[in-house]
Amino acid sequence: MKKLYLFLLICLLPAGITLAQQTKADMSVLDRMYHPTTRSKALHLSVPCLGFVNNPSADLQWRAIVNPAPIRHSSEKNEEVERLKAERLSMKLANPELKSAATENSGNGATPEIGTNFGGNHCNGSSPLDNTIAISNDGRIVSVTNTTMFYTNTAGANLYYNDLISFIGDSEITGVCDPVVIYDCTVDRFVFFCQVSPLNSVKSKLLVFFSKSNNPSDGWYYYKLSGNPLSDGSAFDYPKLAYSDNELYITGNLFRDSNGKFNQAVLFQITKGPAFSGGTINFTVWHGIEGSPFTLCPLSFGQQGSYGPGCYLVATSSSDDNKFSFYDLTDDLSTGLAQLKYYSISTNAYQVAPDALQPGTAVKLNTNDARTLSGFYLNKVVHFVFNSVYTNNYCGVNYNRFDLTAGQNTSIVFGLDGADYSYPSVASSGVNGNDQAVLIGFQKSTTTSYPSIRVVECDNTMAWSGSVEVRAGDNYVYYTGDPERWGDYSGIYRKFNATRPTCWMSGAYGGSNNQWDTWIAEVFDNSNGIGAVQSQTTSLNVYPNPVVNIFSLDFTLAEASPLTIDIIDNNGQLVKKLYQGKGYAGKNILSFNKANLKPGIYFIILKSNETVLKNEKLIIGG
C-alpha cells in the first residue's frame, strides 16, 4: 500500500518538477583563499496577498494603450562613471576611421542557429525598453518591456497584449518600470516583477505576481512590498530575480530621496510556496551588505531544476575595477540559520565603456556602466556578463566563469574594433550539466550599421563562435535625448526541457520611426558539448497576425482625468474609438497599431470631459 501511495504522489507532481535540488559547491578552497565575512544585517517581514489579477487584453488588432512616461535614477558612482565615459568618448571620436577590416575575436565555437523569430512588444514612446523574456516547458512565452506585457508562443501567436498599468489594475498604481519575468521550472509557474514609478520613498513599491498555473492567461496572485524597507527615505530600483526550490530572491538598489544618490543594495529572500496559492509570504530583507555592492545579481540554476539551500549572488563595480563581489546566502529562510557570506574576488581589470555611436546622427547611445547584467549557476561554476571596454574604447561583452571549487575566475571580452556590443544577457546552452556552453544575446551599433540585435555562443572550452544577427536595425534611434537610452537590459531564457539546447531571446533594435522596437527569436546551440562543429545559419520569420506598425504620440495632463481618444477621417466620420479610460497627471504616451488604417488623412482627437485636449493630423501613405 505504501508503494501505491508513493507511486500516486509521483504521478500527481506537475510535469517538469525536480524532486531534489542540486547541492551547492564545496566552498572550502574558496574560504581558505578569500576568508569570507558575514556582517550583513537581516530584517524579517511578511505581507498578505492583495488579490488575484487577470485583467483582459487590449484590442489585439489595434493595441491602443496610454502610459505615463517613466522616470529613472543613476548609478552609485555617477560622477566618476560619467567622467571616465566622457574622456574615453573623446578618444573614440578622435579616431573616427572606419574599422572595415576588423573582425570579431571569435574562435572555433559553433555558430548559433536562428529559428522562429518575430516582432514582440512595440515601443509606445518610452525609452529604454528594458526587455525581459521567459519561456515555460510547454512553450508559453511572456515578453515584457517597460510599459507592455505580451503573451505569445513558439509560433508567434498574438495571445495577450496590454500596458502594464492596465494589466495590474490597481488604482493606487499610476506608473511602473523595470519589469522582470522568470519561469520557475521547479513549480512550472511564471513570476513577474515591476516597480512603481516615479521613484520616491513614499510611493516606492515592489509589485510581484505569481502565476496561478503554467498558463499566464489563467491569472496571477498579486503582492505589494515596500520599496523603502528600511524606512530611511529611500526608493528601490534596478531589480534582479532568481529562484531555488523553496525561495524567490529579489535584489535592487536603494536611492535617497534627498539627493537621488545611491544608498545601498538590498536582497529580499522570500519563501515562495504560499505565493503560488495566494497565501501570506514571509521574507527577509538583507541590508548593510558588505562590499557595498551596486546591482547584486542573484543566480538561478542554469538548466532544469535548482540548487540550494540559499543562493549565490555576484556584483561587479559600476566603474573601473579589478575585483568583483561574490556572495553565498547559506541557507533557506525557514531554517533561521541563513548567513550572507561575502568574498572579494580578484579578476582581470575591466573599464567602463563610453557611449555608443550610430550612423546618420551625432546622437549617442547610453552604455550605462559596468554593473553585472545577467548570470546563472551550473555544476560548481558561476556565469555572468556585463559591459566593459573591448579595445580602442569600444564596448564589448565581458563574460566570466567563476569556478567555485578552484576559487578561480576566467574573464574574456568579446567584441569588434569599431563596433559597440552592449547589454548582454546569458543563458546555459549545454547539452547537460557538465557542458558549460552558453548563448549570449546582446545589442550592437556602429557608425555604419543601425542598432541591431545579435547572439554569440561560447562553448564548453570557452571558445567563441562568430556572432549572428538576430534582427538588423532599420534606422538610428533618437526620441528622448542625447545620449539616447539603450538597453537597460536584453533578455534570454533557456527552454529547459528542449531535446536540442534552445534559448529564446528578446532585445531592442532601431525601428524605422527612430524609436526602439522589440524582436523575439529562438536560438539553437550547435556545439553538442564540443564546440568545433560549424553550422549553416537559417532564419524563419513568423510575423504576428495582424501586422503591427506602432504610432506614438505624447501629451501632458495637469491632473489625472478620464480620457477618450477617437480617430476620425478627413470627412469627420468616426473610424475607431481608440481608447476610453484613464489619463495620468504629467506626460502621457499614446501608442496604437496604425497598420489597421487605409491610406488617407486622419485626425486623432483627445478629449477629457468633452473638452478637446489635442487634435493631431495623421497621414497614412499608400
Side-chain angles (χ1 to χ4, degrees), residues 6 9-28 30-31 134-137 182-191 208 210-211 214 240-251 267-277 279 281-284 286 296-314 326-341 374-384 401-405 426-436 438 493-498 501:
L6 179 60
L9 177 61
I10 292 173
C11 290
L12 288 172
L13 286 171
I17 297 295
T18 300
L19 296 178
Q21 64 183 0
Q22 302 287 319
T23 57
K24 296 167 86 172
D26 180 353
M27 307 287 281
S28 57
L30 199 65
D31 288 349
I135 181 170
S136 68
N137 282 344
I182 61 175
Y183 168 70
D184 183 342
C185 65
T186 68
V187 290
D188 194 26
R189 301 287 187 272
F190 290 95
V191 180
V208 192
F210 298 81
S211 68
N214 62 8
K240 301 286 184 188
L241 271 66
Y243 65 89
S244 66
D245 257 15
N246 303 317
E247 296 184 328
L248 174 70
Y249 309 100
I250 302 176
T251 61
L267 161 63
F268 287 71
Q269 180 183 10
I270 302 170
T271 302
K272 70 181 185 183
F276 289 104
S277 57
I281 56 174
N282 298 315
F283 62 97
T284 288
W286 292 88
L296 271 170
C297 183
L299 307 169
S300 295
F301 196 63
Q303 297 188 9
Q304 177 82 4
S306 68
Y307 71 100
C311 80
Y312 298 128
L313 307 94
V314 65
F326 177 73
Y327 299 86
D328 177 14
L329 182 59
T330 61
D331 217 330
D332 288 349
L333 176 63
S334 59
T335 67
L337 302 175
Q339 294 181 312
L340 190 59
K341 296 170 67 175
S374 175
F376 65 89
Y377 168 78
L378 182 66
N379 194 21
K380 305 177 180 59
V381 178
V382 166
H383 302 247
F384 61 98
R401 287 184 190 172
F402 181 34
D403 186 331
L404 297 184
T405 55
V426 61
S428 170
S429 60
V431 295
N432 54 44
N434 294 319
D435 181 2
Q436 298 292 342
V438 299
Y493 220 84
R494 180 182 175 103
K495 189 174 188 299
F496 294 116
N497 65 343

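Only this structure's heavy atoms are used, side chains among them; waters, hydrogens and symmetry mates stay out.
- With sequence neighbours excluded, the residues satisfying salt bridge (charged side-chain N to carboxylate O under 4.0 Å, His left out) with D328 are K24.
- Atom-to-atom distance recorded for S244:OG and L299:CG is 12.0 Å, nearest 0.5 angstrom.
- In the model, D184 has a side-chain atom that pairs as donor or acceptor with a side-chain atom of T186 under 3.5 Å.
- Summarising the geometry, atom CD belonging to E247 is positioned 9.0 Å from atom NZ belonging to K272; distances are rounded to the nearest 0.5 Å.
- Looking at F376, F301, F496 one by one, the single match for side chain to side chain contact (heavy atoms under 4.5 Å, CB included) with S428 turns out to be F376.
- Atom-to-atom distance recorded for Y312:OH and F402:CZ is 10.0 Å, nearest 0.5 angstrom.
- Side-chain contact check for W286 versus Q269: some heavy-atom pair is nearer than 4.5 Å.
- A donor atom on one side chain and an acceptor atom on the other are not found under 3.5 Å apart for D332 and S334.
- Checking D245 against S306 by side-chain atom types alone, a donor-acceptor pair falls below 3.5 Å.
- Listed here is the closest heavy atom pair of Q303 and D435: NE2-O, 4.1 Å.
- The aromatic ring centroids of Y183 and Y493 lie 6.0 Å or more from each other.
- If you check the side chains of S300 and Y249, you find no donor sitting under 3.5 Å from an acceptor.
- With rounding to the nearest 0.5 Å, the separation of CG in L333 from CZ in F268 is 13.0 Å.
- In terms of modelled atom types and a separation under 3.5 Å, the side chain of T330 and the main chain of Q339 share a donor-acceptor contact.
- Contact check for Y243 versus I182: side-chain heavy atoms found under the 4.5 Å cut-off.
- Between L313 and L340 the shortest side-chain heavy-atom distance falls below 4.5 Å.
- Here the CG atom belonging to N282 is positioned 6.0 Å from the OG1 atom belonging to T271, to the nearest 0.5 angstrom.
- Annotation: the span from L329 atom CG to L296 atom CG amounts to 11.0 Å, rounded to 0.5 Å.
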